Structure formats: structure tokens, C-alpha cells
Amino acid sequence: MATYLKHVAIIGASGSIGKIILDGLVASSHFEITVISRKDSEATFPSGITVLRAEYSDLGLEAAFKGQDVVISAVGASAFGEQKKFVDAAIRAGVKRFIPSEFSANSQNDAVLQLLPLFRQKKELIEYLKIKEADGLTWTGIASSGLFDWGLANGFLGFDFASHTATIWDGGDKSFTLTNQKALGEAVASVLLHPHETENQFLFIASVETTQKDILAALEEKSGVGWIVNRTTTDIQVGEGVKKLAAGDFNGALALVRATVFGNTPGLRSDYAKEEKLANSVLGLHMEAVSDVVKHMFNE
């Protein structure tokens with residue numbers, strides 16, 4: 001395999017995760033980047049990025065992947081099931097590495113899959129990639145848990161800056177890890193810069209190891225005011241999430257994603273720093289203090 005994987009194709013680059021990964025690759029300045037987008041897509045991308053509007057057919061994908069060293073899939077939940085087609089096209093096109101759409105909770109964990117059955121498609125894809133190693137395609141999966149600064153800023157993690165209100169699960173004492181946006185982008189770039197060390201592996205990354213109580217304390221200190229706390233439990237949140245999903249409301253899935261981090265469900269292993277083997281040292285990532293992340297956000 002070459003010193004590093006230079007020619008990079010990304011599918012799903014206009015989504016929340018895709019944009020973060022694309023920014024990380026651009027910032028690295030080591031790569032020749034091609035965004036693969038559907039022909040009918042109206043998404044726009046930064047100047048200097050090659051954008052290929054392609055049919056997502058077998059032949060269309062194979063043609064789009066020709067000449068690429070790596071294909072990164074950052075597709076959302078509605079396209080998880082399409083990824084085997086991406087893998088097959090990548091093999092036919094001679095691609096060296098495939099990075100599937102993980103970038104979230106650990107899809108290899110049974111307790112996570114009990115909460116998020118949708119992630120079984122992710123696990124099945126990893127199993128498929130292991131089989132396809134025999135065809136010369138390598139792979140790397142990246143579990144980041146939730147995104148910390150991103151989830152704070154947009155309220156996904158349950159901390160509302162405008163109203164100084166926090167939703168705290170089960171008392172807020174459970175320890176977990178989260179990853180910052182920049183670190184996720186840097187992790188993907190580093191995988192491509194270290195192809196041998198990351199070949200055919202499922203990697204865990206993190207930026208902070210913390211609790212909801214610690215996050216709340218950092219927010220109160222920086223904002224200078226006491227926050228209103230809405231207390232809830234894993235049972236309430238999971239129950240409501242399942243009910244919403246059953247009614248066709250995808251917001252229910254978002255609650256279940258939060259449950260993989262905050263929830264007290266046995267076996268989640270959501271503190272990657274203690275319960276898994278972090279790949280931070282291999283990828284050149286560093287842990288950060290929650291207070292520093294919060295200060296940086298308030299000072300932006």
C-alpha cells in the first residue's frame with residue numbers, strides 16, 4: 001500500500017457528518033478530494049473540491065470510484081442499506097480502502113443495537129467488509145460516540161444556551177466520552193495518512209471524558225448563571241423515543257442515539273477511555289478539558 005491514501009472520494013459530504021469530514025480533509029491539505037453527489041442534488045461545496053454528479057447505479061458508482069484510493073461513506077440513516085453497493089463498486093474500481101458511515105455510537109455493541117436496531121445495518125456492513133478483505137479491499141470503522149461541541153451548540157445534547165436549561169438523565173453522574181468536530185475530521189485524515197496502522201480495524205476515538213453534571217457545571221461557570229434542570233430517566237427517554245419511532249417520527253431515533261451515551265442501560269460501554277481501547281495515540285488525537293471546550297464555544 002502507498003505511503004498514504006491520497007485520492008479520496010466522499011459520499012454524503014453535504015450532511016452534518018460529511019461536512020465535518022470534508023473540512024478535516026481540506027484542512028489537512030494532503031489529499032485530492034472528490035465529492036460524489038447524486039445527479040439531482042443541488043448541494044454546493046467549497047471551491048477547489050472536485051464534485052462528480054453521478055448515478056448511484058452499479059456502473060455509475062464504479063465509474064465514479066475509478067482512480068480513487070479510498071471511498072468514505074458519510075451517508076445518513078436512510079442510505080445505510082446502500083453501502084454494500086458502494087463496497088462492491090469500490091472493489092470493481094480498484095479502491096484500496098473503504099471507510100463506512102459509523103462516526104457515532106459503537107455499532108458492534110449488542111446493547112447499542114438493542115436501543116438502535118437501525119445500527120444493525122452498520123454492523124452487517126462491517127461483517128461484509130471483513131469478508132471482502134479477500135478481494136483486496138481494506139477498511140476502517142471509526143466510533144466517535146456523540147459529537148460534543150456540535151451537540152452542545154445545536155442543543156442535541158440537551159443543553160439549551162438561550163434558556164439556560166439542561167435535561168439531565170438519571171442524576172447526571174454517568175461517565176462517557178464524546179468527540180469534538182475538529183477531532184473527528186482529524187481522525188479521518190489521520191487514518192488515510194496511516195493506512196497500515198489502521199487497516200481492517202474498528203477504532204474508538206474521543207475528545208472528552210465527562211458526565212452531564214460536569215458539563216452543566218462548566219456551562220454554569222462560564223455563563224455566570226444557574227441553569228434550570230429538567231430531570232429525566234433512561235426509561236422515560238427510551239420509552240418516548242420508541243413511541244415516536246413507531247408513529248413515524250424520526251425524532252425518536254435521536255432520543256435513542258442520546259440514550260447510547262447518557263443512558264444507564266447495562267453493557268453500553270459508552271466511556272471509550274475506560275471501557276474500550278482508544279486509538280487517539282495512533283491518530284495523533286488529544287483529550288481536552290470540558291471547561292476548555294465550553295470556554296472556546298462562548299468566545300467564538
Side-chain angles (χ1 to χ4, degrees), residues 1-13 15 17-18 20-22 24-25 28 30-38 50 52 54-104 106-109 119-144 184-205 277 279 282-283:
M1 190 174 287
T3 306
Y4 75 96
L5 301 167
K6 181 177 182 179
H7 298 279
V8 185
I10 311 178
I11 303 177
I17 297 296
I20 292 168
I21 293 171
L22 181 59
L25 295 175
S28 171
H30 283 93
F31 308 104
E32 297 290 336
I33 306 166
T34 300
V35 168
I36 310 295
S37 184
R38 293 186 187 274
T50 299
L52 183 59
E55 297 285 353
Y56 279 25
S57 62
D58 292 344
L59 290 177
L61 289 167
E62 181 181 346
F65 295 163
K66 283 287 186 183
Q68 302 295 335
D69 294 320
V70 59
V71 171
I72 300 171
S73 173
V75 298
S78 63
F80 286 166
E82 290 191 74
Q83 291 186 102
K84 286 183 181 178
K85 183 167 66 174
F86 300 165
V87 170
D88 292 342
I91 292 170
R92 294 193 303 272
V95 171
K96 300 180 179 73
R97 177 70 54 92
F98 189 90
I99 299 180
S101 185
E102 291 288 335
F103 317 119
S104 182
N106 177 12
S107 67
Q108 310 305 292
N109 179 290
F119 276 27
R120 292 188 188 278
Q121 294 178 82
K122 292 188 174 192
K123 181 176 183 179
E124 289 169 3
L125 186 67
I126 295 294
E127 292 168 352
Y128 191 65
L129 285 164
K130 289 176 180 179
I131 294 170
K132 294 303 177 180
E133 290 172 22
D135 294 324
L137 181 68
T138 64
W139 60 274
T140 307
I142 303 173
S144 59
L184 176 57
E186 289 173 344
V188 175
S190 189
V191 164
L192 306 187
L193 294 171
H194 300 87
H196 178 69
E197 296 91 333
T198 60
E199 178 178 330
N200 301 334
Q201 293 186 54
F202 193 88
L203 305 177
F204 296 87
I205 63 172
K277 181 181 178 182
V282 172
L283 301 177

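What you are looking at is a predicted structure, and each value in this text was computed from that prediction instead of being measured. Any value given below was found using the heavy atoms of this structure, including those in side chains, with hydrogens, waters and symmetry copies removed.
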- Item | Spatial distance of atom CD1 (I72) from atom OG (S101) [nearest 0.5 Å] | 11.0 Å

- Check: H194/T198 side-chain N/O donor and acceptor closer than 3.5 Å: no

- Message: Let me confirm one number: the OG-CD1 distance from S144 to I20, rounded to the nearest 0.5 Å.
- Response: 8.5 Å

- Grab the two heavy atoms, one from E102 and one from S107, that are nearest each other, plus how far apart they are. OE1-OG, 2.9 Å

- Message: Taking the side chain as everything from C-beta on, heavy atoms only, tell me whether F202 gets closer than 4.5 Å to N106.
- Response: yes

- Message: I'd like to check L61 versus V71 (side-chain heavy atoms, cut-off strictly below 4.5 Å). Are they in contact?
- Response: no

- Task: Taking the side chain as every heavy atom from C-beta outward, state whether W139 and I126 have any atom pair closer than 4.5 Å.
- Result: yes

- Query: Within a strict 4.5 Å, meaning less than it, do heavy atoms of the F103 and I21 side chains meet?
  - Reply: yes

- Message: Just so I know, are the side chains of K122 and P100 near enough to count as touching, which here means a heavy-atom distance under 4.5 Å?
- Response: no

- Message: Quick check against the 3.5 Å criterion: does R97 have a side-chain atom that pairs as donor or acceptor with the backbone of P195?
- Response: yes

- Apply the test side chain to side chain contact (heavy atoms under 4.5 Å, CB included) to residues E197 and L283: give CA-CA distance (whole Å), side-chain angles for both, the deciding distance (0.1 Å), then the verdict. CA-CA 9 Å; E197 296 91 333; L283 301 177; over 6 Å; no

- Item | Over all atoms of both residues, closest heavy-atom pair of G18 and A74 | CA-CB, 3.7 Å

- Message: Set out, in order, the CA-CA distance, both residues' side-chain angles and the distance that settles side chain to side chain contact (heavy atoms under 4.5 Å, CB included) for L25 and L192, then state yes or no.
- Response: CA-CA 10 Å; L25 295 175; L192 306 187; 3.9 Å; yes

- How many angstroms lie between atom CG of L52 and atom OG1 of T50, to the nearest 0.5 angstrom? 9.0 Å

- Residue pair K66 / R92: nearest heavy atoms and the distance that separates them: NZ-O, 3.9 Å

- Message: Measuring only between side-chain heavy atoms, which start at C-beta, is L125 closer than 4.5 Å to K84?
- Response: yes

- Message: Using 0.5 Å steps for rounding, measure from the CD atom of E32 to the CG atom of D69.
- Response: 10.5 Å

- Message: Assess the residue pair E82 and V75 against the criterion (side chain to side chain contact (heavy atoms under 4.5 Å, CB included)); give the C-alpha distance rounded to whole Å, side-chain angles, the decisive distance to 0.1 Å, and a yes or no.
- Response: CA-CA 9 Å; E82 290 191 74; V75 298; over 6 Å; no

- Query: Which heavy atom of S190 sits nearest a heavy atom of V282, and at what distance?
  - Reply: OG-O, 4.2 Å

- Query: Between A189 and S28, what is the shortest heavy-atom contact and its length?
  - Reply: CB-CB, 4.1 Å

- Considering non-hydrogen atoms only, spot the tightest contact between K6 and H30 and give its length. CG-O, 3.8 Å

- Query: Quick one: does F31's side chain get under 4.5 Å of L193's, heavy atoms only?
  - Reply: yes

- Distance (rounded to the nearest 0.5 Å) between L129 CG and I99 CD1: 11.0 Å

- Is there a donor-acceptor contact under 3.5 Å from the side chain of Q68 to the main chain of V95? no

- N/O donor-acceptor pair under 3.5 Å between E133 side chain and T138 backbone: no

- Task: Report, as yes or no, whether the 6.0 Å neighbourhood of atom NZ on K277 holds more than 12 heavy atoms from other residues, nucleotides or ligands.
- Result: no

- Message: Any heavy-atom pair between the side chains of D58 and K85 that's under 4.5 Å?
- Response: yes

